[in-house]
Each structure stands twice: as C-alpha cells, then as structure tokens.
Amino acid sequence: MAGSSIKPTPLLKDELDIVIPTIRNLDFLEMWRPFFEQYHLIIVQDGDPSKNIKVPDGFDYELYNRNDINRILGPKASCISFKDSACRCFGYMVSKKKYIYTIDDDCFVAKDPSGKEINALEQHIKNLLSPSTPLFFNTLYDPYREGADFVRGYPFSLREGVPTAVSHGLWLNIPDYDAPTQLVKPLERNTRYVDAVLTVPKGTLFPMCGMNLAFNRELIGPAMYFGLMGDGQPVGRYDDMWAGWCMKVICDHMGWGVKTGLPYIWHSKASNPFVNLKKEYNGIFWQEELIPFFQSAVLPKECTTVQKCYIELAKQVKEKLGKLDPYFIKLADAMVTWIEAWDELNSSEGKPAKLPNGTAK
Ligand SMILES: O=c1ccn([C@@H]2O[C@H](COP(=O)(O)OP(=O)(O)O[C@H]3O[C@@H](CO)[C@H](O)[C@H]3O)[C@@H](O)[C@H]2O)c(=O)[nH]1
Ligand SMILES: [Mn+2]
C-alpha cells in the first residue's frame, strides 16, 4: 500500500502557542514551516505600530502591535517594554494555551552532527513532558531519555522526579554572549553540539536566554515577566535574565524543574556589540548585587501560588534593591502591575476577544 500521505498530528498541537517578538520581519518562518505550520503563532510586533509586518501565508496567527497592547491593557501597558525583545512576554499573557515556545526571528533550523534538521519544538515538548531531577544530579544526564537511566547510587525515592516548568534550548553559530565578550571575540562561533539535556540543580541560578525557550505556562507563566527594558529604561538585554532569576527562585520554592541543553537552533545575526554595550552596561554592574539577592531570596510557605510568590518577590526587590538604584522600585511596581494584568486577562471573564487569523480585536 502506498505510504500514507497523512501527516501525524504534532505533539501538543492545540495546547501550545509559539510567541515571536519582532521588530524586523518573519521571513525565518519559511524554514520552520514543516515544524511550526500546524501551531498557532502569537506575534508581538515591537517598534512602530504603523509598520506592516507580513506573516507568510499558511500560518495561523494573531499579531499584536503597541497600539493593541495599549488598547488591551490600558494603563497597565506601562509594564510591557517598548523597543526591546522583552515585549514578547505580552504574548505569554494573552495566550490561552498550556505551553509556550518563544523564538527570535533570527533563529533558524539547525542540523545535528548527522546532518539531520533539528525539530527544536519537538525536543522542547519532550523536555517539558518528562520530569526534571533538581534534587540529586544524575551523572548520565537526562535519565528519562531513550537509552539512558538513573545511575547506581541514585536514590530510588527521587527517581519519580518533579514536574518540568521550563526547557531552555541553546544555539549554534552566534552564541548568546554579552557585549564585552562579543567585542573581545567577534568571530567566535559556537560549533559544539553537546548531545545532552540537564536539570539545573535546585538552589542554582543560571542565565536564561529567551532566544529558544519553552515553558509550561499553566505552571510558571505568571513568573515569566521580562521586566522593564528598552525605551526609557536604564538597561536592556537583561529581560530574559531577570525573568530567569525570578522564575528559578519560584520553581525551587514550588518544587518544579528547569532543564537546559537540547534542542539547538541556528542563531544567524550577531547584534551590534557597541549598541549592546550601551544597553547592558548597568546590568553588568548591577548583576553583581542581583545574583546574591536572588541566591538569598526566601519565599514564605504562605506563598502557595506563583502569583503570591511573584508579589512577595516584588516586595523584596523594592525593599532590598531599591537602594541599589531607583530603577528597581519602578521594576518592583511593574512586577505587581504585570500580575494584576495577567490575572485580569486570565480570569474567565477577562479574555480579549480574538479574530481567528490576524490582528486581535
Ligand atoms: O527592540 C527590539 C529588538 C529586538 N527585538 C526582537 O527580539 C529578538 C531578539 O533580537 P536580536 O536577535 O536583535 O537580539 P540578540 O542580541 O540576538 O538577542 C539576544 O538578546 C536577548 C535580548 O533580550 C534575546 O532574547 C536574545 O536572543 C528578535 O526577534 C528581534 O526582532 C524586538 O522585538 N525589539
Ligand atoms: Mn539574535
């Protein structure tokens, strides 16, 4: 019998949204079509709202520009950054799905060492649907992967693992370096494909990159606020970092896991290191204080929901980081506004009506 031409239904087809921030164009979607075409896209158009961003035919999407964000959130739109990829978190807020995958518009399909094209989304879904092991390190990496397992000495009481909240993918070609490193090593390319998925141990922070990232929105969505960055703010390119530090403290508190490693994407554009240095310089200085703050942050046991954890974290940011710079007082307030907006849009009566394909109502 001739091979069936019926495509298998992609995993989580109706339970996952792909969120793309863009200030450029969406041509990269052509390369992702085989992997993305059956999923719903949420495009967050940054910059000039009068610019028309063309979405390639055949994709099911909703697109939000700054006018839409202001219309939907009203005064609370102040918590969504402008002129920074941080705007992507608006897509997390308006999504109705259980899972989110977010990818930058200069990230393409990479190939594994055998030359096979990598379906990054499929790997993220596998990462999210299998448990994490933050409480005890498995030296053979992901024990739930085909052909691997827990090694001798791994406590059986811990082998069930914990729910996975975040899957952090990596990048071949242009690595996600900060500006100083980019300036020192302008020609460095990441050619090393490491065939591993690791759980970030409990109590350990890491620099979360928003370029190739997936998460369980029902678990950790309210904590995935990408902060106040870009236009009118003293810092940029610390959006995903801020979200990653808040997220990890909350995942540790809630008993959820964070994975990093596979899948890889091919990152094609190196952003301008001098422009990046201007955006980053406060962040490079402040992070020496921010990391100890997050490392020592304790959430009371009364914080039983992500929203409660986040509001408590915002309180501590205001109290302890407000003296580092007044920016953190503004950021702490924006964190609270984010949760208010999240709850407004995600309570049953608060959902904005949507057109099936195209711009939001
Ligand atoms: O003002 C802006 C700038 C960019 N975007 C969109 O955001 C992503 C990332 O942009 P870009 O690829 O230019 O930046 P990188 O330096 O490679 O990004 C890394 O730094 C992080 C920035 O926080 C980012 O998550 C990392 O990937 C693209 O889709 C741009 O179109 C924007 O919306 N507004
Ligand atoms: Mn990029």
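Atoms within a ligand are numbered from 1 in the order they appear, just like the ligands themselves.
Between Lys83 and Asp48, none of the side-chain N atoms (NZ, or NE/NH1/NH2) sits under 4.0 Å from a carboxylate O, so this pair counts as no salt bridge. A salt bridge links Asp104 with Arg88; the closest basic N to acidic carboxylate O contact falls under 4.0 Å.
Here Cys107 fails the criterion, with no N, O or S atom under 2.8 Å of the Mn ion (ligand 2). Taking 2.8 Å as the threshold, Asp106 counts as a candidate ligand of the Mn ion (ligand 2), since one of its N, O or S atoms lies below it.
Note: the hydrophobic cluster containing Tyr310 also contains Leu73 (ILVMFWY, side chain heavy atoms under 4.5 Å, direct or indirect links). Linking ILVMFWY residues whenever their side-chain heavy atoms come closer than 4.5 Å, directly or via other members, places Phe36 and Leu26 in the same cluster.
At the shortest separation from atom 14 (O) of ligand 1 among protein heavy atoms lies Ser271 OG, 4.1 Å. Protein heavy atom nearest atom 3 (C) of ligand 1, with residue, atom name and distance: Ile23 CG2, 3.9 Å. What sits closest to atom 29 (O) of ligand 1 on the protein, heavy atoms only, is Pro21 O, 2.7 Å. Residue, atom and distance of the protein heavy atom nearest to atom 23 (O) of ligand 1 are Asp239 OD1, 2.4 Å. Of the protein's non-hydrogen atoms, Asp240 OD2, 3.7 Å is the one closest to atom 21 (C) of ligand 1. For atom 10 (O) of ligand 1, the closest non-hydrogen atom on the protein side is Arg24 NH2, 3.8 Å.
Counting only non-hydrogen atoms, the option in Gln45, Met211, His267 that gets closest to atom 17 (O) of ligand 1 is His267. Looking at Arg237, Arg88, Glu280 and measuring to atom 25 (O) of ligand 1, the nearest heavy atom belongs to Arg88.
Close N/O approach between Asp105 and ligand 1 is found [any backbone or side-chain N/O within under 3.5 Å]. For a threshold of 3.5 Å applied to N or O pairs, the pair formed by Cys209 and ligand 1 contains no separation below that value. Where the criterion is an N or O separation shorter than 3.5 Å, residue side chain and backbone included, Lys279 fails it with respect to ligand 1.
Taken from NZ in Lys97 to OH in Tyr92, the straight-line distance is 15.5 Å, to the nearest 0.5 Å.
Proximity of a side-chain donor or acceptor of Asp240 to a complementary backbone N or O of Gly210 within less than 3.5 Å is detected. No donor-acceptor pair under 3.5 Å is formed between the side chain of Lys202 and the backbone N or O of Pro134.
For Ser85, heavy-atom contacts with ligand 1 shorter than 4.0 Å involve the backbone as well as the side chain. Under 4.0 angstrom from ligand 1, the non-hydrogen atoms of Asp104 come from both its backbone and its side chain. Contacts between Ile174 and ligand 1, counted as non-hydrogen atom pairs separated by less than 4.0 Å, are absent for every part of the residue. Heavy atoms of Asp46 found under 4.0 angstrom from ligand 1 belong exclusively to the side chain.
Per residue His267, closest N, O or S atom to the Mn ion (ligand 2): atom name NE2.
Every atom of ligand 1 is numbered from 1 in the order shown, and the set under 4.0 Å from a heavy atom of Lys83 is 1 (O), 2 (C). For ligand 1, the atoms sitting less than 4.0 Å from at least one non-hydrogen atom of Asp106 are 12 (O), 17 (O), numbered in the order shown with element in parentheses.
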Under 3.5 Å, side-chain donor or acceptor atoms of residues 321-336 against the rest of the protein: list the pairs with distances, not counting sequence neighbours.
residue: Lys323; atom: NZ; partner: Glu319; partner atom: O; Å: 3.4
residue: Asp325; atom: OD1; partner: Tyr327; partner atom: N; Å: 2.7
residue: Tyr327; atom: OH; partner: Leu228; partner atom: O; Å: 2.4
residue: Lys330; atom: NZ; partner: Gln233; partner atom: OE1; Å: 3.0
residue: Asp333; atom: OD1; partner: Lys318; partner atom: NZ; Å: 2.6

**Request:** Assess whether side-chain contact (heavy atoms from CB on, under 4.5 Å) is satisfied between Val258 and Phe215, documenting all intermediate values.
**Result:** CA-CA 9 Å; Val258 176; Phe215 59 90; over 6 Å; no
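Taking the centre of each ring, Phe136 and Phe150 stay at or above the 6.0 Å mark.
Relative ring orientation between His124 and Tyr101 is described as tilted, the plane-to-plane angle lying within the 30° to 60° band.
Counting side-chain heavy-atom gaps under 4.5 Å among Ile, Leu, Val, Met, Phe, Trp and Tyr, the cluster of Tyr141 also holds Phe137, Leu198.
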